[in-house]
Amino acid sequence: MKNRELSRIFNEIADRLEIMGDNPFRIRAYRRAAINVEGLPKSIEDVPEKELSQIPGIGRDLAGKITEYLKTGKIRAYEELKSELPKELLALLSVPSLGPKTAQLLYKELHIKSLDELERFAAEHKLSGLRGIKEKTEENILKGIAMLKRGKERQPLGRVLPIADSILEHLKKSAPVKKIDIAGSLRRRKETIKDIDLLATSDRPNEVMEVFIQLQDVKEILVHGPTKSSVIIYEDLQVDLRVVEKESYGAALTYFTGSKAHNIRLREMAIRMGLKINEYGIFREKDNKKLGGEKEDDIYRVLGLPYIPPELREDQGEIEAALKGALPHLVTLKDMKGDLHVHSKWSDGSATFERLVEAAREQGYSYIAITDHSQGLAVARGLTVERLMEQKRELQAINKKLRGFRLLYGTEVDIRSDGSIDFPDSALKKLDTVVASIHSGFRQSRQQLTWRMVSAMKNPHVSIIAHPTGRLIGSRDAYELDMEEIFRVAKETGTALEINASPFRLDLNDTHAKRAKEMGVAMVISTDTHVTDQFGFMGYGVSIARRGWLEKSDVLNTLEPDKLLKKLKPHKAGRQSSH
DNA sequence: GCCGTTTTCGGCCCGACTGTTTTCAGTCG
C-alpha cells in the first residue's frame, strides 16, 4: 500500500530536516502527516486529489507532494534532501539517547556517517572532547548500539499484554501502590507494542521505584528517579513506571495513555479555552487554578467533551466526533454471544465437542459454530463431504441434549487457487454457516487474489470470509488485495467479514475494520480456536473492533443464535437448522 | 508546514531525567 511508503518518506524527511536543524514545527508537521497518512482507513490512491487537504495535517504543500508522488513515483524536494546527507547517517537516530543534535555534531565534527563508524569511534574514546560528550555518553552510545543489534522490534499485543499483567500483579502485591494501571499504546490496544507503560499512585513513591527496579524480570535499569523509572526486562521490552499523587491520577493516565497526537489535540483545545493541561491536571491559565485531574473524565469534561475510550485516542476523528456528540458506543467483550470460527479434533483442533461446549459456556456464550477445515487442506486433516455430514449428525445428537446452548453446523472451507470453493453447494447448503478463507496461493497477483475473494463472496452459501488479508503479525505480510473492492462486494452480497481475534492475526485489522464499517459491511469477531484456551483470544478481537469504531450492531455474533442466522447469508426465510 | 470562536500571520504541548554543565541542552515519552 502506498500509504505506508508515503508515511515512511515523510518520516525520513522529518529525520533529515531534524539533523539539519530545520524549524521544529515544520518537522512536526511532517511527522503528523506521516501518522495520519499511515492511519488513513483507505488507500491514499483512492482519495480524490481535491480532498487530500481534508486529511488532518495535510495542507496545500503536502497535498501537492502526495499528488506528485502518486503521479511520478517521486517527490522532487525529497530527492534534493537526500543529496544533503548520507542515508546511513539516519541510522544514528535509532540509537537510544542519541538524537538529531548529537547526530549533527558527530557528522560535522568527526564526519561520522554510519552506525559502524560511530561504534568504532565510541569504542576508541574518540567522541570525548566534543561539546557535551564525555565518557558516560560514549558508554551510553555503545550500550544503545548493542541493544539495537539485538533487535528490539515491536512485539504482538498478545505477547506483551500477559507480561504487563504479570508485572502489574507483582507490583500490586509487593510495592506500596494504591492504584496501578497499564497506560500507553498497550492500554489503547495497538496490535503491536514497543514498551509497557505503567502508572501508579503511592504515598511512598521511592519505595515503589525500589521494588520496581529490583523486579526479577529486570535486565537493565535505564532511568531511575523518584517519580519515573525505566527498565529493560529479559523479554527485551522496555517498561516505564510513573508514580503520581492521587489528585493527579486521571490527568496522568490521560497523558500517559496518549496517543501523542491525541494529547496534542487536547492541549491545543485547552490553550484556546484559556486552559492548560499537563500530567498533573487541567488548570486555568490566568490564575493556575486546578479545575480537575483526579479522574480521567475530569480532563474531557472541562474541555466540554464526553469521555473518549482509550482505543479511539489516535487523532483519527475521535475529537471531532466527541464535539458533535457522535462518538460510537463501542462493542464490548460482554456483548459477544458466541464464536463462529472453532476447530475441533475432527480437523486440526485438539478438543472434543463436549470440551468445546464446556469452555464456550464458561465464556458466557450461547452458541459456537464448529468450522473444521475442508478436504483440500490435507495438512489440517480437512474433512471430506461424507465426514462433514457425519459430523453434522453427531452435532445434532449433542444439540438434542443441550439446554441454553447450541452448536452451529459450519465449515471453514478453502477458497482454491482458481477461486472455486472446496465443497459443492449441495453440501454447503446443509450448514448453518460457511466460513471461507484462503490458505494457499498467497503470491498470486493483486488482481487474481481479489478476484478469488470476490468469487467466493458471490457464492450464495458463503456467509463469512475468515482472516481476509492473511497477514501474520511479524512474520507474513497481508496478501495483495483491493480492499475497497472486497468491502464493496461484501456489502453487495451480504457476506460478513471476520475480525480474526488470534493475537498473531488480528485480521481484519483496525483500519480495515473502520473502513468496512463506513462501507456498511457486516462483521463478526471470531477466535479461530484450535485448543479451548484460545476462546480467551476474543478480548483481542474486541479490542481491534473497538479501535475500528465498531458498535454492537456492527458485529453479528453479538446476536442470539436465531437472530444471527437470520442475518447471516443466505438469509433463507424461516431458516431453521438444528432442532 | 499546518491552521483559524483572538489570527491568512504568528503562533505551534509539556515535564522528568541524564550528563554535562556552574545554569542547561538534549532526549524521551
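When reading the values below, keep in mind they use all heavy atoms of this one structure, side chains included, and skip hydrogens, waters and symmetry mates. Per chain, numbering begins at 1; letters A, B, ... match sequence-line order.
Ion pairing between A:D203 and A:K246 fails under the 4.0 Å rule for side-chain N and carboxylate O. With salt bridges taken as basic N to acidic carboxylate O contacts below 4.0 Å, none links A:E117 and A:R120.
Donor-acceptor pairing under 3.5 Å is recorded for the side chains of A:E138 and A:S128. Neither side chain, A:T137 nor A:N140, offers a donor N or O lying under 3.5 Å from an acceptor on the other.
Heavy atoms of other residues, nucleotides or ligands lying less than 6.0 angstrom from CD of A:E210 number more than 12. Atom NZ of A:K178 sits in a sparse spot, with 12 or fewer heavy atoms from other residues, nucleotides or ligands closer than 6.0 Å.
Both A:E268 and A:K134 lie near DNA chain B, and the one whose nearest nucleotide falls closer to the 5' end is A:E268. The 5' end of DNA chain B is approached more closely, in terms of each residue's nearest nucleotide, by A:Y280 than by the other of A:Y280 and A:E138.
Nucleic acid contact for A:N140: sugar-phosphate only, since backbone atoms but no base atoms lie under 4.0 Å from a heavy atom of the residue. Using a 4.0 Å heavy-atom cutoff across all strands shown, A:K260 reaches at least one base atom of the nucleic acid. No engagement by A:R131 is indicated, since no non-hydrogen atom pair under 4.0 Å with the nucleic acid exists. In this structure, A:I277 reaches the sugar-phosphate backbone alone: every heavy-atom distance under 4.0 Å involves primed, P, OP1 or OP2 atoms, never a base. Note on A:F256: nothing from the nucleic acid sits closer than 4.0 angstrom, heavy atoms only.
Rounded to a whole angstrom, the distance from the C1' atom of B:dG19 to that of B:dG11 is 32 Å. B:dC3 and B:dC13 are spaced 16 Å apart, taking the C1' atom of each and rounding to whole Å. When the P atom is compared between B:dT20 and B:dG15, the two are found 26 Å apart, to the nearest whole Å. Across the C1' atoms, B:dC12 and B:dC17 are found 25 Å apart, a figure rounded to whole Å. Atom P of B:dT8 sits at a distance of 13 Å from the matching atom of B:dG4, rounded to the whole Å. Rounded to a whole angstrom, the distance from the C1' atom of B:dG26 to that of B:dT21 is 12 Å. The same atom, P, is picked in B:dC2 and in B:dT6; the two are 23 Å apart, to the nearest Å.
Geometrically, A:R26 does not engage A:F10 in a cation-pi contact, judged by NZ or CZ lying under 6.0 Å from the ring centre and within 45° of the ring axis.
Between A:N11 and A:R31 the shortest side-chain heavy-atom distance falls below 4.5 Å. No side-chain heavy atom of A:L291 sits less than 4.5 Å from a side-chain heavy atom of A:K276.
Interface residues of residues 85-106 of chain A facing DNA chain B, ordered by number: A:V95, A:P96, A:S97, A:L98, A:G99, A:P100, A:K101, A:T102; criterion, heavy-atom separation under 4.0 Å.
Of the possible donor and acceptor atoms, one in the side chain of A:E551 sits under 3.5 Å from a partner among the backbone N and O of A:H329.
In a base pair of the Watson-Crick type (N1 to N3 plus N6-O4 or O6-N4) or a G-U wobble (N1-O2 and O6-N3), with each distance short of 3.5 Å, B:dA25 is matched with B:dT18.
Along DNA chain B, the stretch of nucleotides lying under 4.0 Å from any heavy atom of chain A spans, 5' to 3', B:dG1 to B:dG29.
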